[in-house]
Number of protein chains: 2
Amino acid sequence: MNKQNSEDVMPTNSVVQALLTDLYQVTMAYAYWKSGKMEDRAVFDLFFRKNPFKGEFAIFAGLSECLKFLSNFRFSDSDIDYLKEILPHVDPQFWEYLSGLDASQVTMSAIPEGYVVFPKVPLIRLEGPLPVIQLLETTLLNLVNYASLVATNAARFRITAGESVQLLEFGLRRAQGPDGGLSASKYCYIGGFDGTSNVLAGKLFGIPVRGTHAHAFVNSFSSLDEIKGNKLVLNPSAKSKKDPQLGFVELTKSYLNKVSPILNVLENETNEGELTAFLSYAFAFPASCLCLLDTYSVIKSGLPNFLAVALALNDYGYRVIGVRLDSGDLAYLSRKCREGFNLIADKFDLPWIKQLIIVASNDINEDTLRSLKEQACFGSLENHEINSFGIGTHLVTCQKQPALGCVFKLVEVNGEPRMKLSEDVEKINLPGKKNVFRLYSEDGLAILDLIQLCTEKPPVVGKKILVRHPFNESKRAYVCPHKVELLYKDYWGDNCLMQSFSSLQETKQIASDSLKTLRQDIKRELNPTPYKVSVTNEMYHFLHDLWLKHAPIGELS
Amino acid sequence: MNKQNSEDVMPTNSVVQALLTDLYQVTMAYAYWKSGKMEDRAVFDLFFRKNPFKGEFAIFAGLSECLKFLSNFRFSDSDIDYLKEILPHVDPQFWEYLSGLDASQVTMSAIPEGYVVFPKVPLIRLEGPLPVIQLLETTLLNLVNYASLVATNAARFRITAGESVQLLEFGLRRAQGPDGGLSASKYCYIGGFDGTSNVLAGKLFGIPVRGTHAHAFVNSFSSLDEIKGNKLVLNPSAKSKKDPQLGFVELTKSYLNKVSPILNVLENETNEGELTAFLSYAFAFPASCLCLLDTYSVIKSGLPNFLAVALALNDYGYRVIGVRLDSGDLAYLSRKCREGFNLIADKFDLPWIKQLIIVASNDINEDTLRSLKEQACFGSLENHEINSFGIGTHLVTCQKQPALGCVFKLVEVNGEPRMKLSEDVEKINLPGKKNVFRLYSEDGLAILDLIQLCTEKPPVVGKKILVRHPFNESKRAYVCPHKVELLYKDYWGDNCLMQSFSSLQETKQIASDSLKTLRQDIKRELNPTPYKVSVTNEMYHFLHDLWLKHAPIGELS
């Protein structure tokens, strides 16, 4: 085990504590205690039943926060005092028991964070004293559900957008609460985003942070008179030195006079406040200037103002970065911007201006991205010229499906298997302590996940085995795996972490690599092929025997 | 000003800090600083443009957390170090300026938390140095957006369910992150819920906490042999003392023999593990026993097992509370439960059993509630018998619309009005520093919200005034208010809180009272009538003159 810095094992959010749970976990713990089941050895599985977003995969995330929670699991004195207050008739000895509890008797195995995962496959397997594991349920579900949901959402956005565009998460203001925002930044990065606008996420997790200015910045300026005394110095690291002759503001104004007719814009219609704002931003960030164009009118004001500033900056030895569009028809406006860039680049013999970045950021969802990509793919006249997307609301709130339904089910007590029956076959859980293997074909693609009892022998490379659908008796197949991977690692046992935490960068890489093992038809957006989750023949019979044993027969009348 | 305990003014969540913001707020602050606009006096409005959930109202929430954020707004040394790292070319003097910033120069007026609010009406009005207010934007939006969204969602659930049923929030495990859960508990309580399952919410906010046991609890027991040595004592505070003759377990078994034929159930089909679980729960909570019936089969096992325990507990002087249903056809199963209660109540002459509580808790949303209520209203055979709903996923993640689109717009700089133009009329903001008055009719109902410039005289009770639609010139009306309420209170100024925080209970009452001032047709679920948000004639002309002044005319070619 690698040593962990003690600060590293505190949950990111201080509200993640033993009491962040449902009351029934505490009342159950008391009833277990009262029934003398404190030392009953239980196995619980954490899994989901249905892939989110009408897709056929999910990304597993939230594990490291679960481990931090386990490391710190303990009821404080004030917690106990509060519980005494709301449960006044409880035997006082129980409070002594509860205040002594921690996760030292718990072992936890899990699939590594970042892996692609599928319904019915336990993501986390916990074993330990029944009341303790029960008390962990709600918090673990909370930490896994949203993390996995939003990481999956980000991965889907990435798949839809393609690898060549930049994706930035801009969702903090619309997220469901402060750490809805913070978690979104973290897990979207894991799922395939390139950066975030969220500064705290940058500080805490080392995620690249991006941002320039807002409409309010543009609105706050009204006239060039507001520029007082700012002087731009020539870029000391510029390759070719020029002498711009004019001050930066005068130079920009003279370029505006040249740019406007080229872009077919009435010069006196460009907004002076906007020009002042762009100039002010350029004074502050001459080497990384990116301007928001749509405060008044992209075509009639924003674009000419920006290009005038770009040309003036160029004379001072700086290259602008690009523009951002935040309203209107993004594809159309991006084409108009690119046209403007090309015209000016040719006219002033500055070919790099053609390559300026165009960021789009208005209410973008998966469907917008798909529609824009399809336009681009088919090379239509309606092509877009966007290089980078800033995505907020739909990404972080997972508008298409704002919750992942992870559940936490008891599967074994003292070595005896347990299952919850249900009218709905899909809701029945797989009993017993299980292992899961991912079987790969020769080309490195995942064939299926195989669930079997821990007492069974693992599948063997090159050896044919029978795999079965867990509930449909006629669905069977032989598989001869080229590679067999046990999906679980031991993460917690003997009261300590058994793996060092992956860095965020590593987890991002794991997610990216894991997605590559998935066939394209499983990842596609429309009517994806389901990935197979199978059981061994032994697991099949074990499950069905137990099911029949517990399901009441009833009598028709 | 009431004194505040310093602990009370810390944000609930430790991640709520100055750095929980978008990077562009910092880059803009630098550009403002560099342009000498540090002391420019700005007014910003925080408002939303569209009611959530296809409704015609929202509940304003999150204000007290905003005030706690303001009270603590400051960049720490480590924040500054991090910012230096990601913005290496910034003038070092700016970091001195930034590290000295706080909210002492800011004033904040707002509508009281819990009020019903409407689109375009500024919920919060902030005034102060331009860069400081700008730096507050993202965090304030984050704190208001989800709080108001989920409070509104809760209020809608309450309106749909009616006043007579109990509504409990059970959403922690599915919420968007740890404080998605914690905030949901708090703001659903404000919006009209009666309690939560979330223990930490109970501890931190004093919300009533509810919960009994889960399926796993039932599953964990398999045989009556597991009950070892537990003895139930007669309820010392029971009015009529009996001598039950038999031990609690034996007594329950004998009642099961009597109950099963009455309920038309095969006695040997009731699940013994389930009976053991109910007994164990009764041992632990004899005075507050509520059992989950659907682990195996509500009708064939859960109900008879529960009623046997209920009758045995009765002999020991305790009354059970009721049952919970968590799967299947909730209306049908609730009727079957009530039928069983009635049969047993009559047979054993225990009329109180007819009144037992039935809690339902499976994936309930607003539509489920409406459908159940309609059945009940029309007295159909399909009526339900549910007294209490435990609602999770759909409530806390606001599935119907997971984000509220609050925005934060600059409306004035140094006394000069500002507005952001847009192709879309709905996106234009109302410029200038404004007040909002709510005008009431004689019956105490709200007629409309009137937005006017701060320089205008307030409307006067009994005096007719002309009010106008802000954008549609032909929509005008005269109004003679019976009562005039200035919606804003001053909450922050001179570096301190100007109002004491309302307790959660008070805010809940404010929300309830405020909803009562709203006409029924505005609150109804289907095709509600829009509430009027109007401007004075002076505001109308002010807005339109400024608009024409700034909108480019363009030239058709």
Side-chain angles (χ1 to χ4, degrees), chain A residues 13-16 19-24 28 30-31 34-36 82 86 138 141-142 145-146 172-174 176-183 197 199-200 203 209 211-213 215-217 219-220 228 269 280-281 283-284 296-297 300 328 393 397 399 402-403 410 413 418 420-421 423 552 554, chain B residues 13-16 19-24 28 30-31 34-36 82 86 138 141-142 145-146 172-174 176-183 197 199-200 203 209 211-213 215-217 219-220 228 269 280-281 283-284 296-297 300 328 393 397 399 402-403 410 413 418 420-421 423 552 554:
Chain A
N13 192 324
S14 60
V15 305
V16 177
L19 221 56
L20 187 74
T21 190
D22 293 310
L23 181 63
Y24 77 1
M28 282 191 276
Y30 177 54
K34 190 109 175 132
S35 309
Y82 172 69
I86 60 171
T138 308
L141 284 172
N142 179 283
N145 263 325
Y146 177 62
L172 177 57
R173 62 188 58 198
R174 300 285 167 81
Q176 296 200 347
D179 78 12
L182 204 55
S183 304
S197 64
V199 193
L200 190 59
K203 183 186 177 194
V209 192
T212 55
H213 70 82
H215 296 117
F217 182 79
N219 278 138
S220 77
K228 311 153 202 150
E269 291 228 322
S280 297
Y281 196 79
F283 275 120
Y296 298 102
S297 164
K300 294 175 197 157
T393 315
T397 65
Q399 204 195 29
L410 177 67
V413 181
R418 296 300 155 94
K420 177 192 176 297
L421 301 187
E423 311 283 320
Chain B
N13 192 324
S14 61
V15 305
V16 177
L19 220 56
L20 187 74
T21 190
D22 292 310
L23 180 64
Y24 77 1
M28 282 191 276
Y30 176 55
K34 190 109 176 129
S35 309
Y82 172 68
I86 59 170
T138 308
L141 284 172
N142 179 282
N145 264 324
Y146 177 62
L172 177 57
R173 64 187 58 198
R174 300 285 167 81
Q176 295 200 347
D179 77 13
L182 204 56
S183 305
S197 64
V199 193
L200 189 60
K203 183 186 177 193
V209 191
T212 56
H213 69 83
H215 296 117
F217 182 78
N219 279 138
S220 77
K228 311 154 202 149
E269 291 229 322
S280 297
Y281 195 78
F283 275 121
Y296 298 103
S297 163
K300 293 176 199 158
T393 315
T397 64
Q399 202 195 31
L410 177 68
V413 182
R418 295 300 155 94
K420 175 193 177 298
L421 301 187
E423 311 284 320

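A, B, ... follow the sequence lines: proteins, then strands. Residue 1 opens every chain. Side-chain atoms are counted along with the backbone in the values below, which use heavy atoms only and exclude waters and symmetry mates. Small disclaimer: the values here were computed from a predicted structure and weren't measured.
With sequence neighbours left out, the side chain to side chain contact (heavy atoms under 4.5 Å, CB included) criterion links A:Ser35 to A:Lys37, B:Phe221, B:Asn230, B:Ser280. A:Arg174 is linked by a salt bridge (Lys or Arg N to Asp or Glu O under 4.0 Å) to nothing, counting only residues two or more places apart in sequence or in another chain.
Residues B:Arg418 and A:Ser220 approach most closely at NH1-O, 2.8 Å, considering heavy atoms. Considering all non-hydrogen atoms of both residues, A:Gly177 and B:Tyr146 come closest at N-CB, 3.6 Å. Residues A:Val16 and B:Pro178 approach most closely at CG2-CG, 3.5 Å, considering heavy atoms. Between A:Lys34 and B:Phe283, the closest heavy-atom pair is CE-O, 3.4 Å. B:Asp22 approaches A:Arg173 most closely through the heavy-atom pair OD2-NH2, 3.0 Å. Between A:Tyr30 and B:Ala284, the shortest heavy-atom distance links the atoms CE2-O, 3.2 Å.
Taken from CG in A:Asn142 to CG in B:Leu172, the straight-line distance is 5.0 Å, to the nearest 0.5 Å. Atom-to-atom distance recorded for B:Leu23:CG and A:Ser197:OG is 8.0 Å, nearest 0.5 angstrom. In this structure, CG on B:Leu19 lies 10.0 Å from CG on A:Leu182, to the nearest 0.5 angstrom. To the nearest 0.5 Å, the span separating CG on A:Asp179 from CD on B:Gln176 amounts to 10.5 Å.
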Practice problem: List the steps and the verdict of side chain to side chain contact (heavy atoms under 4.5 Å, CB included) for B:Val199 and A:Tyr82. | Solution: CA-CA 9 Å; B:Val199 193; A:Tyr82 172 69; 3.7 Å; yes
Quiz item: Step by step, would you call B:Val209 with A:Tyr24 a side chain to side chain contact (heavy atoms under 4.5 Å, CB included)?
Solution: CA-CA 10 Å; B:Val209 191; A:Tyr24 77 1; over 6 Å; no
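The part of A:Thr212 that comes within reach of chain B is its backbone (N, CA, C, O), which places non-hydrogen atoms under 4.5 angstrom from that chain. Proximity to chain B (any heavy atom under 4.5 Å) is restricted, for A:His215, to the side chain, taken from C-beta onward.
Listed options A:Pro402, A:Ala31, A:Gly211 were ranked by heavy-atom pairs under 4.5 angstrom with chain B; first place goes to A:Pro402. Chain B forms more heavy-atom pairs under 4.5 Å with one residue of A:Asn145, A:Leu141, A:Thr397, A:Val413 than with any other, namely A:Thr397.
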